[in-house]
Amino acid sequence: TYCYSRAQVRAMLDLCRADPELAWLEPIVLTLATTGMRISEAAALRWRDVDFEAGVLHVADERGSAKLHEMGTARTTKGRRSRVIPLYPLLKATLATLPRT
């Protein structure tokens with residue numbers, strides 16, 4: 001598994017900030033770089049998973065929910081376990097600026 005260096009992550013974030021067409025990518029890069037989440041986990045995040053007061057993200061494995069499974073919306077994690085991830089301060093600030101849609 002490849003792990004980007006801080007300098008590489010910083011360069012990616014700077015590129016996103018410099019190009020208006022890449023602005024949408026900055027929160028994604030920041031989320032992946034500061035949480036260790038998989039892309040599929042980050043893509044499946046919902047606003048209810050973000051706890052600003054506690055400063056954490058809840059990554060849910062919902063394969064045990066028959067209702068969500070039946071609806072086809074059950075989220076899963078590779079390790080089959082839900083977990084709580086601390087919110088890095090810059091990520092917390094960035095998420096706070098995003099529209100709640």
- Task: Taking atom CD1 of Ile39 as the centre, report whether more than 12 heavy atoms of other residues, nucleotides or ligands fall under 6.0 Å from it.
- Result: no
- Message: Is the shortest side-chain heavy-atom distance between Leu45 and Val50 below 4.5 Å?
- Response: no
- Item | Val56 with Leu90, same ILVMFWY side-chain cluster at under 4.5 Å | no
- Query: What's the shortest heavy-atom distance between Ala42 and Thr31, and which atoms?
  - Reply: CB-CG2, 4.2 Å
Please report, to 0.1 Å, the donor-acceptor pairs under 3.5 Å made by any side chain of residues 5-13, with sequence neighbours excluded.
unit_1, atom_1, unit_2, atom_2, d
Ser5, OG, Gln8, N, 3.1
Ser5, OG, Gln8, OE1, 3.3
Gln8, OE1, Tyr2, OH, 3.0
Gln8, OE1, Ser5, N, 2.8
Gln8, NE2, Tyr2, OH, 3.0

- Item | Any side-chain heavy-atom pair of Trp47 and Leu98 under 4.5 Å | yes
- Query: With no hydrogens and no angle check, is any side-chain donor or acceptor of Lys92 less than 3.5 Å from a backbone partner on Phe52?
  - Reply: yes
- Treat each ILVMFWY residue as a node, draw an edge where side-chain heavy atoms are under 4.5 Å apart, and state whether Ile28 and Leu30 are in one component. yes
- Below 4.5 Å, heavy atoms only, C-beta onward: do Leu95 and Leu87 meet side chain to side chain? yes
- Query: Of all residues at least two apart in sequence or in a different chain, which pass the salt bridge (charged side-chain N to carboxylate O under 4.0 Å, His left out) check with Asp51?
  - Reply: none
- Query: Side chains of Arg38 and Leu32: closer than 4.5 Å at any heavy-atom pair?
  - Reply: no
- Task: May I ask you to test the Val59-Asp49 pair for a side-chain heavy-atom distance under 4.5 Å?
- Result: no
For residues 16-25, tabulate all N or O donor-acceptor pairs below 3.5 Å that involve a side-chain atom, not counting sequence neighbours.
unit_1, atom_1, unit_2, atom_2, d
Arg17, NE, Glu26, OE2, 2.8
Arg17, NH1, Asp14, OD1, 3.4
Arg17, NH2, Glu26, OE2, 3.1
Asp19, OD1, Glu21, N, 2.9
Trp24, NE1, Glu21, O, 3.0

- Just how far is it from atom CD1 of Ile85 to atom CG of Leu57, taken to the nearest 0.5 Å? 6.0 Å
- Query: Do you know the tightest heavy-atom contact between Arg83 and Met37?
  - Reply: NH2-CA, 4.3 Å
